[in-house]
Every structure is written in C-alpha cells, then in structure tokens.
Undergrad: 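There's a structure below that I have some questions on.
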Amino acid sequence: MAGRLLVVCVLGTLLCQVWSSAEPHRSDEELLPQALHPWRSQGKGMVRVKRDWIIPPIRVSENSKQVPEDLVQIKSDKIFTGEVIYKLEGPGVDQEPKNLFEIDDKTGVIRSKRPLDREKHNSFTLKAFALSPSGERLENPTTIEIVVLDQNDNRPAFAQSQFVGTVSEFSVPGTSVMSVLATDADDPMTENAALSYSIIGQESIPANAVTKTMFGINNQTGAIYTRDVGLDREVVKGFRLKLQVADMGGMGLTSEGVAIIHVSDINNHAPQFSPASYSMTAVENRYDYEIGRVNVTDRDDEGTRNWEAQYSISNNADGHFSISTDPTTNQGILTVVKPLDYEAQSEHILTLTVENLSPLSNKAPNLPLSTAKVVVTVVNENEAPHFREEPIQIVVLESVLPGTLLKSNFAFDPDNSDLRYEIIRDPERWLEINRDTGDITARRSFNMRSPHVKNNIYTAVVKVTDAGGVSATATVAITLKETNDFPPQLFPLSGSVCKGSSSSGLVLTAVDEDLPPQAAPFFFEIPDDLSVNWTVVQVNSTHSVLQPVVELEAGEYAVTVLVSDSGSPALGAYAQVNVTVCSCDSFGDCKSVAGTLLGSSVGINFLALIIIMASIALLLLLLLLAVALTSCGRRHHIKKGTGLLVGESEDDIRDNVFNYDEQGGGEEDENAFNIDLLWNPHDAPSTPGSFYPGSGIPRGKQPLRKDAPHNLPSPTYPRRPPADPTDIEDYINDGLEAADNDPNVPPYDTALIYDYEGEGSLAGSLSSIASGSSDEDQDYDYLNDWGPRFQKLANMYDPR
C-alpha cells in the first residue's frame with residue numbers, strides 16, 4: 001500500500017514537470033504579479049495564498065560529541081523552474097556566538113558545528129531564507145527555534161567556603177542554629193539541580209570533648225539544628241561540621257563544605273570569693289589610696305558580663321571605704337576615700353558581697369551570694385595640730401590698749417602633744433603670742449589707715465608645732481572696728497555770697513579721717529554769741545549752706561562755724577570762714593573787688609586808696625615827661641658828624657630802636673620798628689607808592705614767600721575779644737592760626753628772610769673805638785654832655 005502511494009506521488013511529480021515545461025516561457029515582468037508574489041491580490045477578488053513554513057522547535061543536547069550533527073532540513077514545497085539557494089541568519093551563525101550552526105545552501109540541511117553549552121546559551125532563534133540565484137526571496141523567511149537540552153555537567157557548590165554559627169549552651173534539642181546554602185548551574189527545572197544536604201562529619205572543640213552527634217541538617221533547606229542535650233560552654237567551646245551537598249536529589253554530583261558552630265556562654269555560674277576572709281591595714285588621715293584586693297572565681301566565659309564581678313560593702317556607714325573592679329583580673333580593689341582617725345576607731349570590720357554584671361540564668365544553681373570578711377586595722381601616726389577655726393577670727397577696736405588679750409585656746413593636738421606657738425607673719429608688728437599657751441595679745445594700738453588693712457581686716461599668720469616637729473599654720477583675720485579719733489575739718493574756709501540775694505549762700509562740707517560710722521553725718525552750727533547776722537542751713541548729711549540773715553554791706557566777713565561728726569563720742573571743731581559779700585552778675589559771680597572793698601569796715605578807706613594811687617601815677621608821669629624833654633634838648637645841640645651815635649640824616653636812627661615805652665600793635669604795627677631796614681635793597685627794589693610812614697624811605701617790593709603760594713587773600717583775623725574769659729585760649733589760638741596761614745605778612749617761615757643785616761647804615765660806624773689811631777686824634781669831650789649814663793665812658797676817654 002505504501003509502495004503504491006509512493007509510485008503515485010512520483011508519477012504526479014513527473015506529470016507536473018512535463019506540463020510546466022510545455023507552457024510558453026514568460027519574462028520576469030510577466031511573472032512578477034503571479035509567480036513572484038502569488039499571495040498578493042490581482043483584482044478585486046480574493047486569491048488563495050499558500051501557508052508559510054512551520055517548523056517545530058529543534059532540541060539539541062549540550063556537550064554532544066557528534067559534531068557536526070544534522071539537526072533539520074528545510075525545503076520549500078513550491079515548484080520553481082530555477083535553482084533554490086538556502087541561507088541561515090541569527091545568533092550562532094553570523095551573530096555572537098558565531099560559527100555554532102550552518103546550513104547547506106543546496107539541500108537546506110541545518111547542522112551544528114561545535115558542542116553547545118546550556119549554561120551559556122540555552123536556546124537560539126534563527127531565520128531561514130529561500131533565494132533565487134539572483135538573490136531574490138522566493139518565499140517568506142521562516143523561524144527556526146533551537147533549544148539546548150541540559151545535562152548534569154555542573155557540581156553543586158556551597159555559597160561560602162565556611163559557615164559560622166552560634167548556639168547557647170544547654171540548648172534543648174531542635175533548637176535552630178544556622179542555615180547553609182548551595183547552588184547548581186544546571187537547569188533548575190530538572191533533576192540536575194535538585195540538591196540534597198547532609199552532615200558527614202563532626203569534631204568538637206576541644207577535640208573529643210563531645211563524641212555523640214549533636215547536630216542535624218534539613219536535607220532540602222540546609223537548616224542546621226541541635227539533636228541532643230549536653231552543650232556546656234565549660235566543657236566544649238564549639239564544633240566543626242563537615243557538610244555535603246549533592247544534585248539529582250542526592251544521587252548525582254557532590255561537593256563538601258565546613259560549618260563552625262560556637263557554643264555561647266550563659267551566666268550559669270555565680271562568682272565566689274577565694275578566700276573568704278582578709279586582713280588589711282590603713283594609715284590614718286590619708287585617703288584616695290588602695291589598701292588591698294580581694295579575689296573571686298567565676299567559671300563563665302572570661303571577659304564577658306557573665307564573668308565580670310560587681311562588689312558592694314556592708315558595715316560602711318561613715319563612707320570611709322569604697323571598692324571597685326579591676327577589669328583585667330576581676331579582683332576587688334578596696335580604697336580609703338575618707339580619712340580614718342585612729343583615736344576615734346582603730347579597727348573596721350567590713351563585709352563584702354559580689355555578683356555578676358549580668359543576672360544569673362534560670363539554669364544556674366540556686367545559691368546565695370558569696371560574701372567575704374575584711375578586717376581593716378588603722379595605723380596611728382603623728383598628726384599635725386588642728387585649729388578650732390580656720391581662719392582665726394578676732395574682732396577688736398582699732399584703739400585697743402597694748403597688752404589686751406585678743407585670742408586664746410585656738411588650737412589642739414589630736415595626739416595630746418605639747419604645742420609651741422609663734423607668729424610667722426605680722427607686717428605691722430601689732431601682735432604678740434605666748435609660745436606655750438598661744439594667747440594672742442595686742443602689742444600696740446591698731447591703725448585703720450594702714451596699707452595692710454583691707455576692708456577693715458588685718459591678716460596675720462600663726463604657726464603651731466607639736467613635740468614631734470609636725471606643724472600647721474592658720475590665718476588670723478582681725479576685724480578692726482572704727483573709733484572716733486579725729487574731729488571733722490570744715491571745707492571750704494573762704495567764699496563769696498551775693499549781696500541782696502535771699503537764696504545765695506556758701507555751701508559748706510567737712511572732711512573726716514575716720515571711717516563710718518564715726519564720720520558722717522556732719523552737723524553744722526554757729527555759736528549763739530556769733531550768730532547775729534549769719535545762719536547755717538543743713539542740706540543733707542554732709543553739706544550745709546552758710547547764709548546771712550540780714551542784708552549786709554559788701555565786704556569781707558569772718559564767721560565762726562562749729563562742725564561735729566556722728567561718732568561715739570562725737571567730736572567737733574571750730575573753723576573761721578572768710579565770706580566776701582559782693583554784687584553779683586547774672587551768673588552769680590562777683591563783678592569786681594571794688595565792691596567788696598567799698599563795704600569793708602576793716603583796713604584803709606577806698607577813697608584814700610584811690611587818692612594815693614592817683615598821686616603816684618601823676619608823679620611818674622611828670623618824671624617821664626621831664627626825662628623826655630631833657631633827652632630831646634640834648635639831641636639838637638650835638639653837631640652833625642661829631643657824635644659817636646649820630647647818623648648821616650637829621651632823624652636820629654635811635655628813634656626807631658629805643659622806643660621802650662611801646663609794645664607795638666602786632667605784625668601790622670610799623671611805628672615802633674621798621675622791619676624794612678633788614679631787607680636786602682638789591683633783592684627788593686623800590687616800588688612806587690610803597691613808603692615807610694613818616695620817614696620817606698621806600699619800603700621796596702614785598703619779599704616773596706617761598707613756603708606758601710603768593711598773591712593769596714589774607715585770612716580773617718578775630719577782631720572781637722570773647723565775652724567769656726574762659727574762651728581767651730580759643731581766641732588766641734584762632735589768631736595764631738590765622739597769622740600762620742597768612743601768606744602776605746611777616747614773619748616768614750624761611751631762613752633766607754633775615755640773612756641780610758643791611759649796608760650803609762645811617763647810624764655810622766663804631767669802629768673808631770677800636771681804631772689803631774691814637775687817642776689824641778679823637779675828641780671825646782662831647783661824651784660829658786650825654787648825661788650820667790655815659791659818664792663812665794666819658795671818663796675812660798678823658799685825656800686828663
């Protein structure tokens with residue numbers, strides 16, 4: 001039957017070929033719509049299109065050794081007259097990874113060229129083409145899916161080379177400890193990646209501490225758990241487990257791993273004192289030092305809170321002792337924190353208890369806390385003397401009498417030793433002390449005004465030494481109480497009061513060398529027999545006002561005032577105050593002294609004084625007039641050219657030099673002295689219209705200042721004197737500044753202005769006095785006419 005069908009198919013195929021060859025040949029253009037694209041519609045009607053290739057996925061085992069291996073053959077079911085060429089594209093052919101597959105372009109057989117690796121590429125998707133020799137596609141490309149089948153070619157591997165876990169001691173069976181993990185690169189959907197875990201070995205740390213199997217593992221999840229009891233940290237520190245993992249559900253490839261399990265400690269052992277009693281010694285009067293240590297034992301893990309000890313002390317009501325823990329040795333360090341006193345208690349019995357920082361586990365034995373007994377013996381030593389108070393306080397009057405007892409019994413010795421006293425600091429040497437009894441007495445009275453008294457306190461230092469040579473020092477603070485030693489002094493003792501003013505008066509105060517409360521407030525009063533015209537009005541505790549009670553004439557008045565302090569007893573002093581009654585201006589100041597003198601009842605009458613002063617002034621004026629007339633008459637009788645001091649002109653140059661009765665009007669006054677005589681005539685040619693007033697001598701050109709710009713306007717000088725005398729300094733400074741900045745008037749700030757002393761002096765030469773000629777050639781008789789002032793000079797040159 002099958003043979004017959006085959007024969008029929010062959011005959012049908014031959015018949016179709018004969019029929020196709022009998023048809024006339026057509027060009028490519030004629031074949032394009034129908035032959036090349038038979039699936040496209042050539043009209044409005046529907047044309048049947050043949051199905052594309054449908055090739056199921058091709059399965060290929062990885063690591064196949066039969067290479068090259070034919071995988072599948074593709075063939076177009078269309079009948080073509082020409083040759084068909086098959087091509088293959090995609091990953092594994094012309095894309096990475098290349099050269100894994102190929103296709104026979106004639107037959108369409110697809111084969112593998114090299115073994116495949118599923119772990120790298122588990123599938124490939126390729127495209128197959130049927131082409132004409134000219135490269136035209138004869139059919140649509142078909143998709144070929146190649147799936148790589150997995151083989152168990154990878155061993156499972158643990159995720160870590162060594163797993164570490166911890167389990168508490170005395171854990172019950174079934175306690176989870178840790179989990180391990182392994183992976184397999186094979187297909188997880190196959191048995192090749194089905195893993196199974198197991199424990200194939202167990203070692204205790206230390207070795208052989210535990211021999212029974214203590215742990216199990218879940219073969220599917222890898223969870224490790226405890227299987228038995230007996231995990232004691234004091235017996236075994238840990239375990240080393242040898243693990244195995246296998247694929248194929250435990251029947252395939254295997255790998256091994258290691259798990260380290262540490263047994264953690266719990267506080268199942270309480271600390272115990274070893275030994276339970278101690279004896280220690282401590283020196284009295286010392287503190288913050290160690291006197292001994294106590295020991296404990298604890299079987300728990302060293303260095304943990306289950307091992308660290310915490311101590312406490314009983315019978316320590318006074319708080320002399322404390323105990324701490326040495327973190328390295330866990331010993332208890334007993335320390336004295338408060339000084340001990342042998343005389344008060346020579347022995348102390350302490351009870352110590354100890355426990356861990358962490359509370360005991362419920363699996364520990366139920367035992368009471370461990371205790372220890374410590375006997376501390378106090379060692380006596382020679383103590384320094386003690387002061388009953390520090391500093392030693394003394395309160396005394398500053399005027400205390402010498403020899404007065406100030407302080408006694410201020411020190412004692414704890415050892416009942418004899419004491420020796422001395423003063424080692426007493427800058428004013430006011431104190432004495434008895435070396436045997438220690439009584440402090442005053443050597444002399446104190447002085448509050450001493451520089452060593454600060455805030456009314458005087459300090460000294462005493463030293464006390466016992467029989468063993470141990471000493472102590474203390475400060476003596478002596479508070480001095482002020483006594484009324486000095487009476488107050490009135491101030492001021494002079495002043496002025498405005499005449500006719502009811503509110504005017506002289507403000508009085510007082511100064512007292514004493515300190516409060518022996519000084520202010522002060523009390524002012526006028527004795528009854530002297531208080532007819534004056535009264536004192538108290539202003540406050542330190543000031544009062546002295547006022548006249550009646551209108552007094554202008555003049556000087558002496559008023560006696562008594563001032564007293566508030567001391568106990570009060571001291572007072574009389575003082576005479578000189579008061580000037582005068583007429584005052586609007587500011588309350590006296591207008592002149594004349595007003596006072598006119599009203600004075602003491603001394604010379606003012607009118608008489610005016611007459612005397614006027615007479616003296618008139619006599620002086622007449623004397624000066626006589627001297628001037630005499631000098632003027634003599635000058636006109638001297639011959640020209642014969643006088644020693646006579647110039648070449650009618651005007652005596654001495655008129656410009658010897659005017660002592662004029663002080664000048666400043667830089668602009670040219671009447672007293674002509675400064676033009678000092679100007680160099682060569683440097684300053686005469687200028688028309690510039691003359692010296694009254695002399696007819698040209699002044700010449702004004703010299704050019706070299707220290708400031710010239711031809712500048714002069715500054716404005718202050719012309720009006722100040723109304724207030726206190727502004728006179730500003731008035732003078734303003735004028736000085738204006739003169740310094742004036743570029744047009746002398747004096748000039750340059751050294752070249754006064755370097756010329758003139759030439760051809762009109763006064764003539766005095767060289768004849770030192771002339772080499774003989775005295776007989778000169779006639780000095782005219783010197784006798786010059787008056788008494790030149791008489792000595794005339795006698796020197798008198799030939800007789």
Side-chain angles (χ1 to χ4, degrees), residues 119 150-269 298-307 358-366:
E119 285 69 42
D150 181 53
Q151 291 186 349
N152 191 16
D153 57 344
N154 291 283
R155 290 181 178 274
F158 282 102
Q160 301 177 18
S161 60
Q162 180 175 287
F163 296 89
V164 179
T166 303
V167 62
S168 299
E169 62 177 337
F170 298 107
S171 295
V172 297
T175 302
S176 177
V177 179
M178 59 186 297
S179 294
V180 297
L181 177 65
T183 58
D184 196 318
D186 291 326
D187 189 357
M189 305 303 295
T190 65
E191 287 294 319
N192 297 333
L195 304 182
S196 177
Y197 301 90
S198 61
I199 299 175
I200 60 176
Q202 172 185 297
E203 297 178 6
S204 63
I205 304 172
N208 301 322
V210 176
T211 56
K212 59 182 178 179
T213 302
M214 298 299 298
F215 300 95
I217 190 171
N218 187 308
N219 61 348
Q220 294 183 359
T221 63
I224 300 176
Y225 55 90
T226 58
R227 291 183 56 180
D228 205 342
V229 296
L231 293 176
D232 190 351
R233 178 69 174 77
E234 287 69 42
V235 176
V236 60
K237 306 299 181 184
F239 294 87
R240 179 184 177 91
L241 303 182
K242 188 175 181 180
L243 308 177
Q244 178 180 281
V245 60
D247 57 14
M248 302 293 291
M251 304 301 295
L253 302 177
T254 62
S255 294
E256 294 182 355
V258 175
I260 303 297
I261 299 177
H262 298 286
V263 179
S264 62
D265 182 54
I266 62 173
N267 193 11
N268 60 325
H269 297 285
D298 195 322
R299 297 178 57 190
D300 289 319
D301 196 6
E302 183 176 343
T304 64
R305 294 176 60 87
N306 299 329
W307 173 81
S358 297
L360 280 175
S361 172
N362 53 6
K363 299 177 181 179
N366 188 12

Undergrad: Could you tell me whether the side chains of N154 and D186 share a donor-acceptor contact shorter than 3.5 Å?
TA: yes
Undergrad: Quick one: list whatever passes side-chain hydrogen bond (donor to acceptor under 3.5 Å, both in side chains) with D184, sequence neighbours left out.
TA: none
Undergrad: Once ring-ring contact (aromatic ring centres under 6.0 Å, His included) is applied, what residue pairs with a partner in residues 179-210 remain, sequence neighbours excluded?
TA: none
Undergrad: Are V180 and I224 packed together at the side-chain level, in the sense that at least one heavy-atom pair is separated by less than 4.5 angstrom?
TA: yes
Undergrad: Could you name each residue pair satisfying salt bridge (charged side-chain N to carboxylate O under 4.0 Å, His left out) that touches residues 166-179, not counting sequence neighbours?
TA: none
Undergrad: Working to the nearest 0.5 angstrom, can you tell me the gap between R299 CZ and D265 CG?
TA: 10.5 Å
Undergrad: Taking atom NZ of K363 as the centre, report whether more than 12 heavy atoms of other residues, nucleotides or ligands fall under 6.0 Å from it.
TA: yes
Undergrad: For D187, which residues count as a salt bridge (Lys or Arg N to Asp or Glu O under 4.0 Å) partner, sequence neighbours excluded?
TA: none
Undergrad: With sequence neighbours left out, write down each residue that passes side chain to side chain contact (heavy atoms under 4.5 Å, CB included) with D228, or none if nothing qualifies.
TA: K212, M214
Undergrad: Quick check for you: to the nearest 0.5 Å, what is the distance between T183 atom OG1 and L195 atom CG?
TA: 8.0 Å
Undergrad: Side chains of D301 and N306: closer than 4.5 Å at any heavy-atom pair?
TA: no
Undergrad: Output side-chain donor-acceptor pairs under 3.5 Å for residues 249-262, partner residues at least two apart or in another chain, one line each.
TA:
| unit_1 | atom_1 | unit_2 | atom_2 | d |
| --- | --- | --- | --- | --- |
| S255 | OG | P156 | O | 2.3 |

Undergrad: Measure across S204 and V210 and return the closest heavy-atom pair with its distance rounded to 0.1 Å.
TA: OG-N, 3.4 Å
Undergrad: Side chains of N267 and P359, heavy atoms from C-beta outward: is any pair under 4.5 Å?
TA: no
Undergrad: List the residues meeting side-chain hydrogen bond (donor to acceptor under 3.5 Å, both in side chains) with D232, not counting sequence neighbours, and say none if there are none.
TA: none
Undergrad: What distance do T213 atom OG1 and L241 atom CG have between them, rounded to the nearest 0.5 Å?
TA: 10.0 Å
Undergrad: May I have the step-by-step check of side-chain contact (heavy atoms from CB on, under 4.5 Å) for T175 and Y225, ending in yes or no?
TA: CA-CA 5 Å; T175 302; Y225 55 90; over 6 Å; no
Undergrad: If we only count heavy atoms from C-beta on, is the I200 to L243 side-chain gap below 4.5 Å?
TA: no
Undergrad: Could you list the residues that satisfy ring-ring contact (aromatic ring centres under 6.0 Å, His included) with F239, not counting sequence neighbours?
TA: F215
Undergrad: With distance as the sole test, does R233 use its side chain to make a donor-acceptor pair with the main-chain N or O of V263 at under 3.5 Å?
TA: yes
Undergrad: Just grab all the salt bridge (charged side-chain N to carboxylate O under 4.0 Å, His left out) pairs involving residues 154-167, residues at least two apart or on different chains.
TA: none
Undergrad: List in chain and number order the residues that pass salt bridge (Lys or Arg N to Asp or Glu O under 4.0 Å) with D298, two or more places apart in sequence or in another chain; answer none if no residue qualifies.
TA: none
Undergrad: Taking all heavy atoms of V167 and all of S171, pick out the closest pair and write down the distance.
TA: CG2-OG, 3.5 Å
Undergrad: How many angstroms lie between atom CZ of F163 and atom OG of S179, to the nearest 0.5 angstrom?
TA: 9.5 Å
Undergrad: Taking only residues two or more places apart in sequence, or in another chain, which ones meet E234 in a side-chain hydrogen bond (donor to acceptor under 3.5 Å, both in side chains)?
TA: H269
Undergrad: Go through the steps for N152 and M248 under the test side-chain contact (heavy atoms from CB on, under 4.5 Å), then give the verdict.
TA: CA-CA 8 Å; N152 191 16; M248 302 293 291; 3.2 Å; yes
Undergrad: Answer yes or no: is there a side-chain heavy-atom contact under 4.5 Å between S198 and Q244?
TA: yes
Undergrad: Under a 3.5 Å threshold, yes or no: a donor from one side chain and an acceptor from the other, between S168 and S264?
TA: yes
Undergrad: So, using side-chain hydrogen bond (donor to acceptor under 3.5 Å, both in side chains) as the criterion, who are the partners of N268 when residues are at least two apart?
TA: none
Undergrad: Looking at every non-hydrogen atom in both residues, tell me the closest pair between Q151 and N192 and how far apart they are.
TA: C-ND2, 3.4 Å
